[in-house]
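Order of the sequence lines sets the chain letters (A, B, ...), proteins ahead of strands, with each chain counted from 1. Just the heavy atoms: all of them, side chains too, but no hydrogens, waters or symmetry mates, feed the values below.
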2 protein chains.
Amino acid sequence: MPRTALTRDDVLDAAAALVRQLGPEALTMRKLAAELGTAVTSIYWHVGNRESLLDELVARTVREMGAIAPSGRSPVDRVLSIARAQRRMLRDRPHLIAMVHERGLTELMFLPAQQALVHELHDAGLRGARAAEALRAIEFHVIGFVLVERNRERSPAQSPAEQDLWDTATAGHDPALARALAAPPDPERLFTTTTRALVGSLLCV
Amino acid sequence: MPRTALTRDDVLDAAAALVRQLGPEALTMRKLAAELGTAVTSIYWHVGNRESLLDELVARTVREMGAIAPSGRSPVDRVLSIARAQRRMLRDRPHLIAMVHERGLTELMFLPAQQALVHELHDAGLRGARAAEALRAIEFHVIGFVLVERNRERSPAQSPAEQDLWDTATAGHDPALARALAAPPDPERLFTTTTRALVGSLLCV
DNA sequence: ACCTGAACACCGTTCAAGT
DNA sequence: ACCTGAACACCGTTCAAGT
């Protein structure tokens, strides 16, 4: 018997810590029970089963995801600030965000940020279908960028590193290109550049 | 004993079929053995273990991914055609591509397409670091888009559907926006729009 | 060289039994 | 209301033994 009665929140907190650090595949009911000092089956009484435990962690993540305050002078700058804030939030909770995504709750999670975006799009003079398309373009871009970024970070050492792939021969007599591709991309800079390019194009045409 | 001797390729073919349809988590050594009519342990003799089996499937995918022929008149159109071809390839092999990605072989897999892209960027007058940045921007965009797209397709029915989230109230007195967001996005159109916006912005500035 | 069954250490889950 | 151990049906993998 544990020192104090085991609560549902005890289980959720321990599970969240595990998932946040090591990902959902590291969460086994037996490990969790060992960490909590209870029998495996006690956990089932509190949270049903493994799947609904993960569901609850996802619900928490959606709830925690707060509103976003845009900053900057022009609509483009403010959209950019929202995109940057979204990127940071996504990067901070990679495993949990992936689980939110798998469960189809991404839209709900992003609703506050999207409403802020709509405000900026309206300010920039975009309305109706045009605003809707711009909104989705930005959303796809931000989420997609972070997904690619994370995939790159998680990857084991690239078997043929980009340096080796892009020697001067394959780069088509452009040694400066080969040099630029030899260094790993700076995601911060790349995100700003591409987001600005996309948003600028969407808002000004 | 099986009717004909079991070969390494038999194992790989059966495994590839399983993974292509149902994903890697559906590939259990016991199911595979049952399908091949052999003992589980025979598979180990041919392919080592489950992980190296999956590695070999990934290597096959990278090998199969052929070169890409750009089409179109302007550099922007040709870049767009490459992006579209990449998107189709990525969508056709979702599970295997994800595995390529996890193993850090995405760069290698995309090298032919990237070389085609560099050719177009050069034609458009971009060289050196500018060309490198444009190349990476396009790559992040295409891969990111498909990742988001697949995530949306795989998702179970969105718990609060976008229709419910975006009623006229939250849409900021823009009923046309609310209507546009009520329909699911048309990925084909969105991909073309956003890619053209990004590429146009990268090539013309 | 190739195949086999038995065994091991893991899973998630159910259930009857306890307090 | 809460907790328990035993049991079940799954995993991937190893290994000594067969041909």
Per the under-4.0 Å heavy-atom filter, residues of residues 7-26 of chain B near DNA chain C come out as none
Using ring pair (Phe, Tyr, Trp, His ring centres under 6.0 Å) as the criterion, list what pairs up with A:F191, not counting sequence neighbours.
A:H141, A:F145
Considering residues at least two apart in sequence or located in another chain, which fulfil the side chain to side chain donor-acceptor pair (under 3.5 Å) criterion with B:D123?
none
B:R87: side chain to side chain donor-acceptor pair (under 3.5 Å) partners, not counting sequence neighbours:
B:E149, B:E188
Which residues pass the side chain to side chain donor-acceptor pair (under 3.5 Å) test with A:E120, sequence neighbours left out?
A:R78
Across all chains, not counting sequence neighbours, the salt bridge (charged side-chain N to carboxylate O under 4.0 Å, His left out) partners of A:D77 are A:R196
Counting Watson-Crick and G-U wobble pairs with both distances under 3.5 Å, what is the dot-bracket string for DNA chain C, 5' to 3', using [ ] for crossing pairs and | for pairs to another strand?
||.|||||...|||||.||
With A:D9, which residues qualify under salt bridge (charged side-chain N to carboxylate O under 4.0 Å, His left out), at least two apart?
A:R60
Report, one pair per line, the protein and nucleotides 16-19 of chain D atoms (nitrogen or oxygen only) whose separation is under 3.5 Å.
none

According to the salt bridge (Lys or Arg N to Asp or Glu O under 4.0 Å) rule, which pairs have a member within residues 20-45 of chain A, sequence neighbours left out?
none
Suppose we screen for side chain to side chain donor-acceptor pair (under 3.5 Å). Which residues come up paired with B:D186, at least two apart in sequence or across chains?
none
Identify the pairs formed between an N or O of the protein and an N or O of nucleotides 8-13 of chain D at a distance under 3.5 Å, and give each distance.
unit_1	atom_1	unit_2	atom_2	d
D:dC11	N4	B:R30	NH2	3.4
D:dG12	OP1	B:M29	N	3.3
D:dG12	OP2	B:M29	N	3.1
D:dG12	N7	B:R30	NH1	2.4
D:dG12	O6	B:R30	NH2	3.1
D:dT13	OP2	B:Y44	OH	3.1
D:dT13	OP2	B:R50	N	3.0

